[in-house]
Amino acid sequence: MIFESYIELPALVAWVGRWHPLILHFPIVLLLIGIFLGLTGKKVPKKLLTLAVLTALITAISGFFLGRESETKGNLLFWHQWLGGGLALFAALWYGLEGLQLKKPIYSKILQIVLLVLILFTGHYGGMVTHGEDFLALPVNKKEEKIPENPLIYAHVVDRILENNCVSCHNANKQKGQLLMTSLDNLLKGGEVGNTIIPSDAENSELIRRLHLPLEDEEHMPPEGKKPLDEREIKILERWIALGASDTLRLNQLEDSEPLVALVKGLMEPDPMEKWKNLPKVADSTLQNLASDYLTINRIAINSDALSAAAFLPPEYDPQYILNLKRVAQNIVELDLSGLPLGPQEMGLVAQCTNLEWLELDRTPITDVEIDTLKNLSKLRLLKVYDTKIGDKGVGVLKELQSLKSLYLWKTNTSQNVLDDLKSTRTNLIVDDGIDDEVKEFFIKSDSLVEEQ
Amino acid sequence: MMEEDKIKSENPLKVNRRHFFSQLSVGIGSLALGSLLIPDLFKNSAGQIAQPTLGIPHFAPKAKRVIYLFQAGAPSQFETFDYKPILRERMGQDLPESIRKGQRLTNMTANQDKFPLMPPKVGFQQHGESRTWISDFFPHIAKIADEITVVRSMHTEAINHDPAITFFQTGSQISGRPSMGSWLSYGLGSENKNLPSFVVLTSRGKGNSQGLYSKLWSSGFLDSKHQGVLLRSGKDPVLYLNDPEGISRSDKRHLLDQVSSLNKLHHVETGDDEIESRIAQYEMAYRMQMSVPDVMDVSKEPESIIKLYGEDCQVPGTYAANALQARRLAENGVRFIQLYHQGWDQHGNLHDEMEGQAKDVDQASAALVMDLKQRGMLEDTLVIWGGEFGRGNYCQGKFDPNNYGRDHHPRAFSIWMAGGGIKPGLNYGQTDEFGYNVVENPVHINDFHATLMHTLGLDHEQLTYKYQGRRFRLTDVAGNVIKDLLA
């Protein structure tokens with residue numbers, strides 16, 4: 001598309017325009033030196049000023065030519081051009097004033113300050129034109145608000161995917177391929193090639209075609225280097241177009257068998273990594289120091305500060321290697337202490353791991369007393385305490401752990417009615433109290449290998 | 001390795017396009033030019049595309065380890081999980097050419113001029129809430145129908161055992177690539193440093209069997225510490241692990257320290273990473289002298305567990321013993337436990353041989369799943385059961401419904417999986433009414449690998465190893481994660 005508009009300009013003019021990003025640095029630096037000298041009361045060398053003004057003018061002119069190449073002028077470019085033009089003009093004015101040798105240096109100083117401000121703003125807008133509006137903004141997260149219960153497929157799902165992946169290049173300021181992706185109307189209007197979206201015909205929609213191209217294809221969207229859409233996102237766009245690309249369609253209007261339902265629901269599930277984003281930072285060196293032959297400690301995933309730790313029984317047991325975990329207690333979300341001769345000290349550590357979601361204490365000497373220390377583990381999702389001495393009192397504590405989803409507690413001192421009560425009051429909790437008796441019976445009776453002999 | 005680094009640093013031409021432009025953009029003045037040519041140059045440098053780092057998963061995993069119950073020789077899908085009533089209706093009739101479409105056959109049946117359809121002699125029943133079809137050979141697995149997911153749409157390219165099993169284990173039909181257990185060990189590191197992260201256990205049924213070779217658990221071009229360790233039944237599970245008579249543990253320690261210091265000197269001199277690997281291996285062997293006998297000792301297992309797996313699990317070297325062992329190894333943090341049960345190659349006498357094979361594995365496989373479940377280990381352990389390809393729906397050799405055989409068939413076969421982030425109780429994929437071709441949701445071996453890696457938090461496209469100038473992956477250049485299988 002660059003090339004087509006290019007034809008309308010004399011080639012040389014366009015070529016001059018292309019030098020804009022290179023030349024612009026000269027007037028910036030030269031003018032800044034001049035302003036610095038002027039404001040600190042030094043004499044500004046005439047040659048410096050001449051060169052600065054000259055390059056400022058060339059920059060402005062080349063910038064104007066470059067601007068002509070862009071078909072659509074967004075706000076950013078508009079301001080950049082006017083500020084840049086003004087800048088060149090003021091620089092020329094300064095040159096003139098110096099020539100007049102005014103007695104009152106105050107005018108010069110005001111002019112220099114105005115120039116300084118202009119340089120800052122022109123540069124800022126210029127940066128946004130090349131790198132996108134958010135380039136200089138403080139890092140903000142992508143659009144991540146929760147998708148509502150019963151979302152509008154276009155406004156809450158499709159638009160969000162486009163917003164996060166495409167709009168940075170397809171907006172009023174940077175309308176690549178002459179395609180605006182900021183509203184459904186604009187999408188339907190399409191871009192240069194056209195047929196961006198053909199309602200009910202995803203296959204022939206230009207937008208979908210480009211998503212499916214091989215990554216290295218020139219026309220693949222988003223272009224190389226940008227994170228490609230994942231399979232789910234592509235499928236969502238596809239199904240939405242196939243269903244007519246409507247902006248009134250809601251999730252609950254779809255049949256359960258419609259693939260879009262599962263796709264959108266999948267997107268609505270919180271990213272498991274999200275919840276660990278605010279954990280304290282842990283250095284790799286800390287992990288290396290803590291790890292030993294009998295303690296494995298790993299990040300849950302790359303770039304995550306959530307940790308998973310597993311301890312094994314050394315030939316001579318000294319709890320210190322476990323107690324050392326105190327340094328990273330907040331970060332531990334999975335802890336496996338099964339089969340260890342745990343005492344009150346180790347359980348004290350467990351109590352400090354308040355972000356724990358997964359805890360294995362099976363085959364340890366813990367009792368109801370130690371279970372009491374788990375009271376504050378409000379995020380605990382899975383707990384293994386089978387083959388321990390915990391009893392009904394312990395179950396009372398566990399019953400209060402609202403996040404708990406899976407509990408393994410066969411071979412304990414709990415009584416059946418307490419377990420039954422637990423199962424009936426906490427319906428979302430899966431209590432595993434061992435293999436079903438009937439199945440067990442079947443296995444013992446029909447030992448296929450014994451039968452054979 | 002050193003060589004390679006040296007070559008890289010000395011060869012300025014080893015710069016790719018992106019490097020070139022980012023270098024270009026460093027020059028004063030041309031900074032903006034560089035960024036104009038690549039509008040998002042700066043954004044990229046913030047690391048939008050994460051580089052794989054080893055020893056930790058790419059994203060939060062569902063599974064931490066795998067137990068692969070490999071049924072070597074390729075059990076027939078028609079006598080296990082893919083029920084096709086039409087085979088009985090059309091028994092003895094020729095397989096329609098519209099179905100076979102001139103497919104390549106092994107030379108064992110390629111010369112047959114007829115392909116008479118052969119129904120299974122064994123009965124089939126639907127089980128569990130999932131209404132999963134399972135043959136009567138597997139009454140115990142039938143009991144866990146709702147825990148497992150049967151995939152009936154597996155397919156491969158290989159039609160002979162060796163390339164097929166090599167394909168399953170290494171992602172390539174040609175041997176030499178690292179085994180999947182080695183890839184996982186490389187990608188995730190070990191969970192317990194006192195045991196190897198990749199362990200192999202073998203057993204053999206009475207059925208017709210094919211060879212197993214250590215190349216199947218080789219680490220290929222990966223560091224040799226990722227190689228699978230074969231555990232034998234009996235007194236010496238790991239050969240040469242125990243010290244000779246008269247050597248005390250402190251003598252051994254002293255010896256190791258001396259050897260290690262010599263090795264370190266050599267490493268400084270040559271920079272060969274395999275030396276470091278060897279030092280680590282000696283150390284692990286030293287610790288394994290303590291840890292392996294402990295893990296292998298099933299005498300501490302209570303009676304109820306022995307009953308669950310079947311009395312045979314007390315006989316070292318049986319499949320049942322290996323299944324119980326597998327649970328103990330998993331419990332102790334071994335990442336990848338590979339069982340092989342040989343004897344599933346039924347070119348003849350299929351019914352009787354399969355009955356025997358099924359008896360070997362049915363109860364122990366189901367017991368393993370249930371045992372893992374009650375320990376909460378099914379939440380993070382993936383169990384896989386299956387062979388290297390399927391078998392034909394027509395009779396091999398003379399037509400005799402009482403004594404028939406089936407030839408190899410790569411286009412469709414069945415496996416099952418349980419736990420580790422796989423949806424339970426699912427029936428995935430379908431074959432045509434003859435069970436010959438996949439007609440719905442095909443799962444290629446590369447897809448299977450990609451999915452397995454996904455459950456372990458690994459992106460199969462990112463876990464690569466550069467060797468001889470190119471990057472290798474378990475899935476080579478293919479593979480899609482089958483999202484529908486994921487819980």
Side-chain angles (χ1 to χ4, degrees), chain A residues 18 20-26 126 130-132 135 169 223 225-227 231-232 266 272-273 276 291-294 296 298-304 306 308 310 312 315 336 338-339 358 360 362 382-384 386 406 408 410 432-435 439-440 442-444 446-452, chain B residues 18 28-33 35-36 38-44 48-50 52-53 55-61 139-140 143 188-194 287 290-291 304 307-308 310-312 318 320 331-333 358-360 362-363 366-367 370-371 373-376 379 457 480-481 483:
Chain A
R18 296 297 175 89
H20 177 74
L22 182 76
I23 306 167
L24 66 90
H25 296 89
F26 291 93
T130 24
H131 302 300
F135 185 63
C169 296
K226 287 273 190 181
K227 188 173 75 58
E231 224 172 300
R232 175 163 62 203
M273 306 300 282
W276 297 320
S292 71
D293 288 344
Y294 298 94
T296 308
N298 280 324
R299 294 177 193 279
I300 288 280
I302 192 170
N303 300 335
S304 168
S308 153
F312 299 93
D336 175 4
S338 52
W358 178 297
E360 305 187 22
D362 49 279
L382 177 142
L383 176 66
K384 301 187 189 178
Y386 63 84
S406 317
Y408 296 87
W410 46 280
D432 193 315
D433 47 355
I435 299 170
V439 176
K440 221 188 252 169
F442 175 81
F443 272 57
I444 292 169
S446 61
D447 186 334
S448 47
L449 295 151
V450 170
E451 218 172 52
E452 197 181 25
Chain B
R18 188 152 297 180
I28 318 167
S30 56
L31 182 90
L33 187 61
S35 69
L36 196 76
I38 315 167
D40 297 297
L41 185 73
F42 299 112
K43 277 189 187 164
N44 272 335
Q48 278 195 347
I49 298 161
T53 306
I56 36 175
H58 301 126
F59 43 86
H140 295 86
K143 287 275 174 213
L188 299 171
S190 70
E191 205 180 345
N192 180 349
K193 299 187 192 77
N194 308 293
R287 291 193 305 272
M290 306 287 282
S291 57
S304 59
K307 285 258 163 62
L308 191 68
E311 297 289 345
D312 234 25
T318 60
E331 211 165 31
N332 282 283
K359 272 188 177 159
D360 291 344
D362 169 46
Q363 179 169 0
M370 291 200 304
D371 197 14
K373 181 164 192 237
Q374 67 172 345
R375 285 162 206 272
E379 306 224 18
N480 288 308
V481 174
K483 294 263 167 66

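Reminder, nothing fancy here: chain letters follow the sequence lines and each chain counts from 1.
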Handout entry: Verdict with reasoning, Y408(A) to Q374(B), per side chain to side chain contact (heavy atoms under 4.5 Å, CB included)
Key = CA-CA 7 Å; Y408(A) 296 87; Q374(B) 67 172 345; 5.7 Å; no

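Rounding to the nearest 0.5 Å places CG of D336(A) at 9.5 Å from CD of E331(B). A distance of 8.5 Å separates CG of N298(A) from CG of L188(B), quoted to the nearest 0.5 Å. E379(B) CD to K384(A) NZ: the interatomic distance, rounded to the nearest 0.5 Å, is 7.5 Å.
Side chains of F442(A) and P139(B) form a contact here, defined as non-hydrogen atoms less than 4.5 Å apart. Looking only at side-chain heavy atoms (C-beta outward), I300(A) and P61(B) come within less than 4.5 Å of each other.
The existence of a salt bridge linking D293(A) and R287(B) is confirmed by a sub-4.0 Å separation between a basic side-chain nitrogen and an acidic carboxylate oxygen.
A pairwise comparison of heavy atoms in A60(B) and A301(A) identifies N-CB, 3.6 Å as the closest pair. Smallest separation of non-hydrogen atoms from R375(B) and Y386(A): CG-OH, 3.1 Å. Summarising the geometry of F443(A) relative to M370(B), their closest heavy-atom pair is CZ-CE, 3.4 Å, with the distance given to 0.1 Å. Residue N332(B) comes nearest to F312(A) through the heavy atom pair O-CE2, 3.6 Å, listed as atom of the first residue, atom of the second, then distance. The minimum heavy-atom distance between S190(B) and T296(A), with the atom names listed, is O-CG2, 3.7 Å. The two residues K193(B) and A291(A) have their closest heavy-atom pair at NZ-CB, 4.3 Å.
Heavy atoms of K373(B) lying under 4.5 Å from chain A belong to its backbone as well as its side chain. Residue L382(A) touches chain B through its side chain alone, counting heavy-atom pairs closer than 4.5 Å. For S291(B), no part sits under 4.5 Å from any heavy atom of chain A, backbone or side chain. Of the two parts of S292(A), only the backbone, made up of N, CA, C and O, holds a non-hydrogen atom closer than 4.5 Å to a non-hydrogen atom of chain B.
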